[in-house]
Amino acid sequence: MAGNFDFVGCIAPIALAHPAPLWSIAVMRILVATQCQINAYNPATQFSATEQSVWLRADAAKLTTVSEMDRLQAMQVFTRVVESNSFSRAADTLDMPRASVTTIIQNLEAFLGVRLLQRTTRRLNLTPDGAAYYERCVRILADIAETEQLFHEGARNPRGKLRVDMPSSIGRLVVLPRLCEFHTRYPGIELMVGLGDKPVDLIQEGIDAVIRVGTLQDSTLVARRVGVFQGVTCASPEYLKRHGEPRTLEELENHYAVNYFSSRTGRIIGWDFLVDGKPVTVKMKGAGAVNDADAYLNCGINGFGMIQPARFMALPYLQSGQLKEVLPQWKTQPMPISVVYPHNRHLSPKVRVFVDWIAEMFERCPLLSGQEDAEKRCAPTVATVGAQPAHRAEIGENEGELVL
């Protein structure tokens with residue numbers, strides 16, 4: 001029966017009236033190759049000239065768009081737009097014109113045939129299709145990066161811009177004086193260092209890593225502990241002459257403090273002490289409040305009130321006598337110092353070497369590594385009072401001392 005039935009002749013008019021996908025017609029032609037007297041393994045013989053002109057014309061514009069669009073770049077642009085929640089911020093971090101970012105996303109949506117983003121005047125929202133596509137893009141780009149790192153010279157000689165952020169005190173006293181060492185070791189990395197105590201959004205602002213003090217709150221980030229932040233309770237001799245020196249925690253009720261408030265929440269940060277191994281918070285009467293570490297230290301030096309600064313910042317003033325430690329029997333609650341970066345199972349080489357370098361540097365710095373004999377290993381220096389303390393931190397090559 002199959003030999004007398006013109007299968008192709010019957011379906012050709014139907015196919016022309018209702019064009020089917022090219023792959024389905026190709027499969028059908030292969031299945032009935034003996035009837036059609038065509039070479040089933042030669043794609044050029046599987047379509048007549050009429051069929052090719054009808055069916056391929058419809059796909060011509062789409063194929064042209066695909067060939068003109070770099071799909072890998074489109075994935076990179078799309079993921080950056082999603083993570084920064086802004087076309088403009090994505091363009092800035094990618095060093096591209098905003099119009100190019102917009103065009104790439106439009107072409108990508110046209111190629112996929114779905115809307116990926118819902119745009120409003122205030123924000124961008126992923127559509128369900130956009131969320132699914134984003135997850136796939138993240139995995140694909142991570143796999144590509146991992147594969148390239150196995151063979152690329154960049155894994156051995158990392159290069160490119162690296163954006164980092166850190167508290168101004170740690171940056172000014174500890175990190176910035178050692179940047180020449182980092183540049184000598186990794187000349188291909190261009191560091192962009194932001195200083196400040198305000199919290200930053202690593203994803204939206206395109207920052208690769210930050211140094212932060214305290215416990216990590218965001219579960220989408222990774223924190224590598226590199227040091228210990230140890231505070232010290234102190235006051236200027238002038239303040240103690242006016243108000244007397246407290247001998248117990250209860251006597252703090254009769255004293256005034258320069259308070260420090262959070263830049264993120266505006267909340268006054270209480271004073272913490274370790275009593276019998278347990279943290280105890282004491283609320284102090286405030287003579288004033290600031291949110292900058294240098295201003296906080298200077299208020300204490302000038303007798304405005306008692307302070308609890310970082311020990312590595314206060315040390316030169318304690319050594320010179322411009323500040324005096326009080327209640328030394330009750331130490332402050334130590335806090336971790338960490339390098340924080342976005343959660344990614346494929347950490348880029350430039351971020352990895354920066355994190356390793358910071359950890360190595362803090363390990364050589366007694367006042368930041370949590371070593372109990374830190375002060376004994378730090379050389380005494382002369383400190384002067386000013387609006388901006390001019391001292392800096394250096395790490396001894398042999399002794400590991402912190403010189404301020």
Donor-acceptor pair, [X] side chain versus [Y] backbone, under 3.5 Å?
X	Y	result
Tyr256	His243	no
Asp70	Leu72	yes
Gln230	Thr332	yes
Asp292	Asp294	yes
Thr127	Arg115	yes

Shortest non-hydrogen contact between [X] and [Y], atoms and distance:
X	Y	answer
Arg224	Ala359	NH2-CB, 3.5 Å
Thr233	Met306	CG2-CE, 4.0 Å
Leu323	Ala314	CD1-CB, 4.3 Å
Ile207	Arg163	CG2-O, 3.4 Å
His255	Met284	O-CE, 4.2 Å
Leu202	Ala209	CD2-CA, 4.4 Å

Within the structure provided, determine whether [X] and [Y] are in side-chain contact (heavy-atom separation under 4.5 Å).
X	Y	value
Val164	Ile358	no
Val200	Arg212	yes
Val232	Pro309	yes
Leu327	Leu252	yes
Met361	Val226	no
Thr93	Ser84	no

**Item:** ring-ring contact (aromatic ring centres under 6.0 Å, His included) partners of Tyr133, counting only residues at least two apart
**Value:** Phe78
Would you please name every residue forming a side chain to side chain contact (heavy atoms under 4.5 Å, CB included) with [X], sequence neighbours left out?
X	result
Arg225	Val228, Pro336, Ser338
Glu238	Ser236, Arg242
Ala289	Asn259, Phe261, Ile268
Thr102	Phe87, Arg98, Gln106

**Asked** Taking atom types as modelled and ignoring hydrogens, do the side chains of Tyr296 and Gln308 form a donor-acceptor contact shorter than 3.5 angstrom?
**Response** no
Output the distance between atom [atom1] ([X]) and atom [atom2] ([Y]), rounded to the nearest 0.5 Å.
X	Y	atom1	atom2	value
Met313	Ile170	CE	CD1	9.5 Å
Asp143	Ile140	CG	CD1	8.0 Å
Thr248	Trp330	OG1	CH2	6.0 Å
Tyr341	Ser348	OH	OG	10.0 Å
Ile211	Met166	CD1	CE	4.0 Å

**Prompt:** Are Glu360 and Arg178 ion-paired here, with the side-chain N under 4.0 Å from a carboxylate O?
**Reply:** no
**Request:** Check the pair Leu126 / Leu117 against side-chain contact (heavy atoms from CB on, under 4.5 Å), numbers first and verdict last.
**Result:** CA-CA 5 Å; Leu126 279 170; Leu117 297 165; 3.7 Å; yes
If the condition is side-chain hydrogen bond (donor to acceptor under 3.5 Å, both in side chains), which residues does [X] pass it with, not counting sequence neighbours?
X	result
Lys324	Glu245
Ser262	Thr265
Gln76	none
Asp208	none

**Request:** Determine which pairs satisfy ring-ring contact (aromatic ring centres under 6.0 Å, His included) with at least one residue from residues 268-291, sequence neighbours left out, and list them in order.
**Result:** none
**Listed partners of Glu253 passing salt bridge (Lys or Arg N to Asp or Glu O under 4.0 Å), at least two apart** = none
**Message:** Applying salt bridge (Lys or Arg N to Asp or Glu O under 4.0 Å), can you list everything that pairs with Asp272, at least two apart in sequence or on another chain?
**Reply:** none
**Message:** Among Ile105, Thr103, Ile104, which residue satisfies the side chain to side chain contact (heavy atoms under 4.5 Å, CB included) criterion with Asn107?
**Reply:** Thr103
**Request:** Verify the neighbour count for atom NZ of Lys283: are there more than 12 heavy atoms of other residues, nucleotides or ligands below 6.0 Å?
**Result:** no
**Asked** Given the rule in the salt bridge (charged side-chain N to carboxylate O under 4.0 Å, His left out) test, do Lys331 and Glu325 qualify, once you have shown the distances and angles that lead to the verdict?
**Response** CA-CA 11 Å; Lys331 302 297 183 182; Glu325 182 175 5; 3.8 Å; yes
